[in-house]
Number of protein chains: 2
Amino acid sequence: MIDKKEKILQAALQLFSEDGFAKTSTSRIAKEAHVSEGLIFRHFKNKEGLLQSLTKRGEEKTKALFRPILFETDPQKVIKKTIDLVIKIREVEEIFQVWKLEYKTKWEAEEYGAHKMEPLVFALTEAFQKMGFKEAKQEAHYLLVQVDGLVTRFYLQKDFDLDASTHFIKEKYKWSYT
Amino acid sequence: MIDKKEKILQAALQLFSEDGFAKTSTSRIAKEAHVSEGLIFRHFKNKEGLLQSLTKRGEEKTKALFRPILFETDPQKVIKKTIDLVIKIREVEEIFQVWKLEYKTKWEAEEYGAHKMEPLVFALTEAFQKMGFKEAKQEAHYLLVQVDGLVTRFYLQKDFDLDASTHFIKEKYKWSYT
DNA sequence: GCGCATAGTGAGTAATCACTTACAAAGGTA
DNA sequence: TACCTTTGTAAGTGATTACTCACTATGCGC
């Protein structure tokens, strides 16, 4: 049998990211994980603690997702890979759930947690500088605002054409460079 | 004494937009509105019905907000006014709450309600056509994705510099035109 | 084997949830 | 005045909530 703590985390990630933190009950999580409800509180102290465990885990998944961008030297590829982040969110089930939870939690708790994006801001700023943009940092923030818009639409608008949109944005950045 | 139905709606708008639908209880709304809890169910049938009343009202507020854009003939001003929407959201308390509720509800229910933006898509498409853009409709959608990003950041990131960002975006569209 | 920590359970807890019901007050019309 | 509809309330309803507690099962060093 797999570690029961792990099963709780998986069930909670699925349910929180699907229905949100507030309307997911601990009894529901226990049922989904095939575990007694008390075990949740043994391992995570309370419901909030369970969420925090998931958030911490998610942060590491996100760091791993950013790493190939941070080590990229070609500035144009830094930008391309940043835009392609949203495609990865769609294609990797694990990342899909983590980011959905991330954004849902943001809106439930009204905290953006900007520090998580800081390394990406840095990498993008550098990239735009190399490409000769005057307001490189502004450009970096602007691109991430667009990513936020894409993510929002991707999760919430069923018929949103993510491929077309990301391609469109990448084209924009292409001709402003060459 | 003001209409008690109206007081319920105001209290609910405030609490739903602040804490979200799921974690706002009907008893809390009644207390805030200085009204017996039963009255909520007399007027709105159930909690969901109360939310729907607010949504319907909000939709009209939003239409009124869009109107000056739809009647604008100068294409460049259509774009400028669309970007400035986000500034209006910040500055008009009423709109501030309505849109916050709108986005919170979107993320709780996972439904984008794209139809509400349809008239704006149309106006923007026309504007980009007049300005000689080839993929005018794509451009329209792209601008609205950016608006979604701005709104997300404005509500969730406390230290987000909305003025700088909107100004930056407007500049982009200025030089791509002249 | 023994002792002990950790993992796990199931039946509880009080509080709160959305919602109902029985009834009273208020307002308009005849 | 008498009648009826609408508005409003207070006290409930059973179900569900997050969480606790007393207890058992399991593994591990000795």
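In what follows, chains carry the letters A, B, and so on, assigned in the order in which the sequence lines appear, proteins first and then strands, with residues in each chain numbered from 1.
Sequence neighbours left out, the pairs with a member in residues 16-37 of chain A that pass ring pair (Phe, Tyr, Trp, His ring centres under 6.0 Å) are A:Phe16-A:Phe21. Identified under the ring pair (Phe, Tyr, Trp, His ring centres under 6.0 Å) test for residues 51-77 of chain A, with sequence neighbours left out: none. Pairs passing the side chain to side chain donor-acceptor pair (under 3.5 Å) check and including a residue from residues 133-149 of chain A, sequence neighbours excluded, read A:Tyr103-A:Asp148, A:Tyr112-A:Asp148, A:Glu139-B:Lys172, A:Tyr142-B:Gln146, A:Gln146-A:Tyr173, A:Gln146-B:Tyr142, A:Asp148-B:Arg153.
Contacts of A:Gln10 classified as side-chain contact (heavy atoms from CB on, under 4.5 Å), with partners at least two apart in sequence or in another chain: A:Glu6. Looking at residues two or more places apart in sequence or on another chain, you find no side-chain contact (heavy atoms from CB on, under 4.5 Å) involving A:Phe122. Scanning for ring pair (Phe, Tyr, Trp, His ring centres under 6.0 Å) contacts around B:Phe41 gives an empty result, with sequence neighbours left out. Shown here are the side-chain contact (heavy atoms from CB on, under 4.5 Å) partners of B:Thr166, two or more places apart in sequence or in another chain: B:Ile83, B:Ile87, B:Leu150, B:Leu162. For B:Glu126, there are no side chain to side chain donor-acceptor pair (under 3.5 Å) partners two or more places apart in sequence or in a different chain.
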Could you write nucleotides 16-22 of chain D as a row of B, S and -, 5' to 3', where a protein heavy atom under 4.0 Å of any base atom gives B, of only sugar-phosphate atoms gives S, and otherwise -?
-SBBB--
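In this model, the phosphate group of D:dT6 is not approached by any side-chain N or O of B:His43 to a distance below 4.0 Å at OP1 or OP2. Between B:Lys4 and D:dT9 there is a side-chain polar atom (N or O) within less than 4.0 angstrom of OP1 or OP2.
A salt bridge between A:Lys56 and A:Glu59 is absent, with no side-chain N of the basic residue lying under 4.0 Å from a carboxylate O of the acidic one.
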If you restrict it to nitrogen or oxygen atoms, what contacts under 3.5 Å exist between nucleotides 25-27 of chain D and the protein, and what is each distance?
none

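In this structure, A:Ile69 and A:Leu85 have side chains that are in contact, with non-hydrogen atoms separated by less than 4.5 Å.
Taking the 5' to 3' direction, DNA chain C first and last meets chain B under 4.0 angstrom from a heavy atom at C:dC17 to C:dT20.
Summary for the helix from C:dG1-D:dC30 to C:dA30-D:dT1: the axes at its two ends, each from 5 pairs, differ by 10° when rounded to the nearest 10 degrees.
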